[in-house]
Number of protein chains: 2
Amino acid sequence: MSRRGYGQFCGLARALEVVGDRWALLIVRDLWGGPGRYTDLAKGLPGIPSNVLSARLRELEDIGVLHRVAVPRPGSGVVYELTEDGRALQEVLLGLGRWGSRYLTRPGDGEVLTPACVTSALQALFRPEAAAGVRATFELALSQPAERILGPGHAWLDEVVVHARVEARRISSTAGPAVEPDLRIATKAERMLDVLAGTASPREVRLSGDTALLPVFSRLFRLPAAPG
Amino acid sequence: MSRRGYGQFCGLARALEVVGDRWALLIVRDLWGGPGRYTDLAKGLPGIPSNVLSARLRELEDIGVLHRVAVPRPGSGVVYELTEDGRALQEVLLGLGRWGSRYLTRPGDGEVLTPACVTSALQALFRPEAAAGVRATFELALSQPAERILGPGHAWLDEVVVHARVEARRISSTAGPAVEPDLRIATKAERMLDVLAGTASPREVRLSGDTALLPVFSRLFRLPAAPG
DNA sequence: CCGGATCCTCGGTGATACTG
DNA sequence: CAGTATCACCGAGGATCCGG
C-alpha cells in the first residue's frame, strides 16, 4: 500500500503494493460488470472520500489495471474500464470474496448491499457441479431498510435488483432486472444468505414465476462454514 | 483495513476488513511452512515495525486466522500457527501472488528475497499439466548481494536456500536445503525468474547433480505475460 | 449534474528505543 | 525472545467548493 513498498522481490508483495491500497480492490470489483463512470463508482462505494476515489483511479490507471475511455455521448463523457490485467484479477477476488463470506452473518450496523456485492457473491459462491441441467434466469430483489443510513449525503439504493443466468454449468450475473426471469425472488437484504443457503422462511420471501425453481436456485450455491 | 470497515455487506469487503491490513497477508504467507515464532516472522518480513507485527498478530488471532501455541521446550516458547480458516487463504494468496508476479522483473532497490517469497512463487507458478512423469527433488540457492541493504539493523539472508519436491503432478516447497536433491541450482537472486522461465544463461547458473533436469525444472513453471 | 480539487482532522503506520 | 512505549508523519476520512 501507499508509496511505500514491502522491500521484497515477491509476487504477492508486489500485488499488495499495486492493488493493496484501501478501496482499490472494491473498485476493481465494481468494474466487473463493464465500464463505469466516476459517479457510478462513488455510488457503489458508499463512504469513499472523493479524493481517495480520484487517487485510486489514477493509481490503478498508471499501473494498468484500468484505463479511462472517453465516451462520445451523452454526458460529459469519461468511463473507467478494466484492462486485461485488471480482469485477470477476477478469479482471485472471487476466491477472496468466497473466503470472506464465512464472516458474513447479517448486515451489520451501517452496512448496505450494493449491486456489485450481490453479483460478486452469486459468482463466488456458485457451484458448477450443482448446476448440471439447470437452465434458467433468476431475478433477485433485495430491499434495505431506510434506517440503515451511513450519514448525511450518502445515498444508497433502497432496493438492489440483480439477475443471474445459469446455463451450461456456468453463471453470469448482472446488475438490474432481467427481461423475462423464470423466477423472481424478493426479500429483505438481511435474508439474502438464507435464500442462498436454502434456509429462508417461505413467509419472508415473495416469489414470482416458476416457484418450484427456488430450491433449485438455493442448491446452486455453497456458503463456507462459519469460522471457529 | 483498520478498524474502519467498508460499510458493505459483502464477502470481499469483509475479507479486506479482516486481512486487508498492511502486512497481514504476508504474515499469513510466512506461516504456510508451519508454525513460526515472533522472531522468525520479523526476519521474514524485513522492515516491519515490531509494534505493527505485534498488532497484526493479535488482530489475526482475534479473528481466528492464526492462533498462538505455547511450545514446551526450548526457548521462551510461543509460536504462531495458522488455523484452518487461515490455511483456507492459501489458494487465494497463491492466485494473488501469481497475478502480481507479472509486475516482477528483477529485484528493485532495497528488495530482498526471503525463503517464503521463493517457496510461494514456486507453488504459485507451478503448472501441474507440465509435471506429468516428473518425480524429482530440486534445491534452489539464491545469493543476494551484500550491498542490498534495507537500513541499519535490518538483517537478511545473504543466501536463500529452498527445496521443492515434484511428484504426481504436485509440488511441495519448503525452506532450507534438501536432504538429497536430484538437482541443485545455484545462482544470483536476480536470476531467479530467468531460471523459472528457462532463459537463464548457463554461465550464470551453477548446477550440481543431474544437470539434464534443468530444462525439466524450468518447464514446470509458467510466468504470466508482462503487463501492457 | 458530472468529475473531480482543496482543506483540515484524525488515526494507522513507520521507526526507534526500551523492558520483562 | 517477545514484545511495549513513544513520537513524527502521512494517508484516509469527511466536508466543502469549483469548472465544464
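Just so it is clear, the model here is predicted, and its values are computed rather than measured. Throughout, a chain's letter reflects where its sequence line sits, starting with A, and its residues are numbered from 1.
Considering only residues two or more places apart in sequence or on other chains, A/E167 meets the side chain to side chain donor-acceptor pair (under 3.5 Å) condition with A/R135, A/R165. By the side chain to side chain donor-acceptor pair (under 3.5 Å) test, B/S54 pairs with B/R58, sequence neighbours left out. Every residue was checked against the ring-ring contact (aromatic ring centres under 6.0 Å, His included) condition with A/F9, not counting sequence neighbours, and none meets it. A/E61 is linked by a side chain to side chain donor-acceptor pair (under 3.5 Å) to A/R68, counting only residues two or more places apart in sequence or in another chain. For B/F126, the ring-ring contact (aromatic ring centres under 6.0 Å, His included) test picks out no residue, with sequence neighbours left out.
Taking atom NZ on A/K43 and atom C1' on C/dG3, their separation rounds to 13 Å, with Å as the unit. Nucleotide D/dG3 holds its P atom 13 Å from the CG atom of B/L60, rounded to whole Å. Taking atom CD on A/E17 and atom P on C/dG14, their separation rounds to 12 Å, with Å as the unit.
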Identify every side-chain donor-acceptor pair in residues 171-185 of chain B under 3.5 Å, counting partners at least two apart or on other chains, and give the distances.
| residue | atom | partner | partner atom | Å |
| --- | --- | --- | --- | --- |
| B/D182 | OD2 | B/T137 | N | 2.7 |
| B/R184 | NH1 | B/E139 | OE2 | 2.3 |

Scan the side chains in residues 117-125 of chain A for donor-acceptor partners under 3.5 Å anywhere in the protein, sequence neighbours excluded, and list what turns up.
| residue | atom | partner | partner atom | Å |
| --- | --- | --- | --- | --- |
| A/T119 | OG1 | A/P115 | O | 3.2 |
| A/T119 | OG1 | A/A116 | O | 3.3 |
| A/S120 | OG | A/A116 | O | 2.8 |
| A/S120 | OG | A/C117 | O | 3.1 |
| A/Q123 | OE1 | A/Q90 | NE2 | 3.1 |

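In the helix from C/dC1-D/dG20 to C/dG20-D/dC1, the terminal helix axes, each the rotation mapping four pairs' C1' atoms onto the next four within five end pairs, subtend 30°, rounded to 10°.
Among the nucleotides C/dG14, D/dA2, C/dG12, the one closest to any side-chain atom of B/R56 is C/dG12. When each of D/dA2, C/dT13, C/dG3 is scored by its nearest atom to the side-chain atoms of A/T39, the top-ranked nucleotide is C/dG3.
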Just the table, please: protein N/O against nucleotides 5-8 of chain C N/O, every pair under 3.5 Å.
| residue | atom | partner | partner atom | Å |
| --- | --- | --- | --- | --- |
| C/dA5 | OP2 | A/S54 | OG | 2.9 |
| C/dA5 | OP2 | A/R58 | NH2 | 3.1 |
| C/dA5 | N6 | A/S50 | OG | 2.6 |

